Visitor: 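There's a structure below that I have some questions on.
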Amino acid sequence: MLGLNLAAYLNWFIANMAGGFFGQWIPNPEKYGMDFALPAMFIGLLVLQILSKKDFFIDLAVAFSSILIVVAVSFFFPGSTGVIVATVVASTMGMVIGRWK
């Protein structure tokens, strides 16, 4: 287990250092869509997680409700407040529905 963790952390460290070093040579990352890479990765992980279950009603309900909550809260509060509120409310809703079902 120690070897696995050391390899993972070493890989993470090297990748971050390389990204920090080589990233300075990309003058406009938005031009190449690199500002969308992280959200795209999490969307891909979410889709894979949802598709791995037979009954994915709860997952879809949580995903759609979190989108609606982010949009609704962003009208009233500035910054990333909507993301935090959506995370707490939608995950709590998913847990409650999962236990109730």
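The shown structure was predicted, so the numbers you read here are calculated from the model rather than taken from an experiment.
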Visitor: Closest approach of S91 and T87, non-hydrogen atoms and distance?
Guide: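 Minimum heavy-atom separation between S91 and T87: OG-O, 2.6 Å.
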Visitor: Who are the ring-ring contact (aromatic ring centres under 6.0 Å, His included) partners of W25, not counting sequence neighbours?
Guide: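 W25 satisfies ring-ring contact (aromatic ring centres under 6.0 Å, His included) with F21, F22 only.
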Visitor: Going from CG on L46 to CG on L51, what distance comes out if it is rounded to the nearest 0.5 angstrom?
Guide: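 It comes to 9.0 Å.
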Visitor: In the hydrophobic clustering that connects Ile, Leu, Val, Met, Phe, Trp and Tyr at side-chain heavy-atom distances below 4.5 Å, which members other than V71 occupy its cluster, ordered by chain and number?
Guide: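 So far as hydrophobic clustering goes, V71 is joined with I69, V73, F75, F76, F77, V85, V89.
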Visitor: Please name the residue in the list L2, L4, L10 that meets the side-chain contact (heavy atoms from CB on, under 4.5 Å) test with L6.
Guide: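 Going through L2, L4, L10 one by one, the side-chain contact (heavy atoms from CB on, under 4.5 Å) with L6 is satisfied by L2 alone.
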Visitor: Donor-acceptor check, side chain of N16 to backbone of W12, threshold 3.5 angstrom: yes or no?
Guide: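 Flag set: sc N16 to bb W12 pair under 3.5 Å.
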Visitor: Using 0.5 Å steps for rounding, measure from the CG atom of L48 to the CD1 atom of I43.
Guide: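 Result: 12.0 Å between the selected atoms.
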Visitor: Taking all atoms of both residues into account, what is the closest heavy-atom pair of A86 and S66, and its distance?
Guide: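 The answer is CB-O, 3.5 Å.
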Visitor: Give me each pair satisfying salt bridge (Lys or Arg N to Asp or Glu O under 4.0 Å) with a member in residues 56-83, each pair once, sequence neighbours excluded.
Guide: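 Output for this query lists K53-D59.
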Visitor: Just wondering, more than 12 heavy atoms not from M17 lying within 6.0 Å of its CE?
Guide: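 No, the 6.0 Å shell around CE holds no more than 12 heavy atoms from other groups.
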Visitor: Considering all heavy atoms of both residues, which atom of M93 and which atom of S65 are nearest to each other, and what is their separation?
Guide: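 For M93 versus S65, the nearest heavy atoms are CE-OG, 3.0 Å.
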Visitor: Please find the pair of heavy atoms, one from V88 and one from T92, that lie closest to each other, and give the distance.
Guide: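 For V88 versus T92, the nearest heavy atoms are O-OG1, 2.6 Å.
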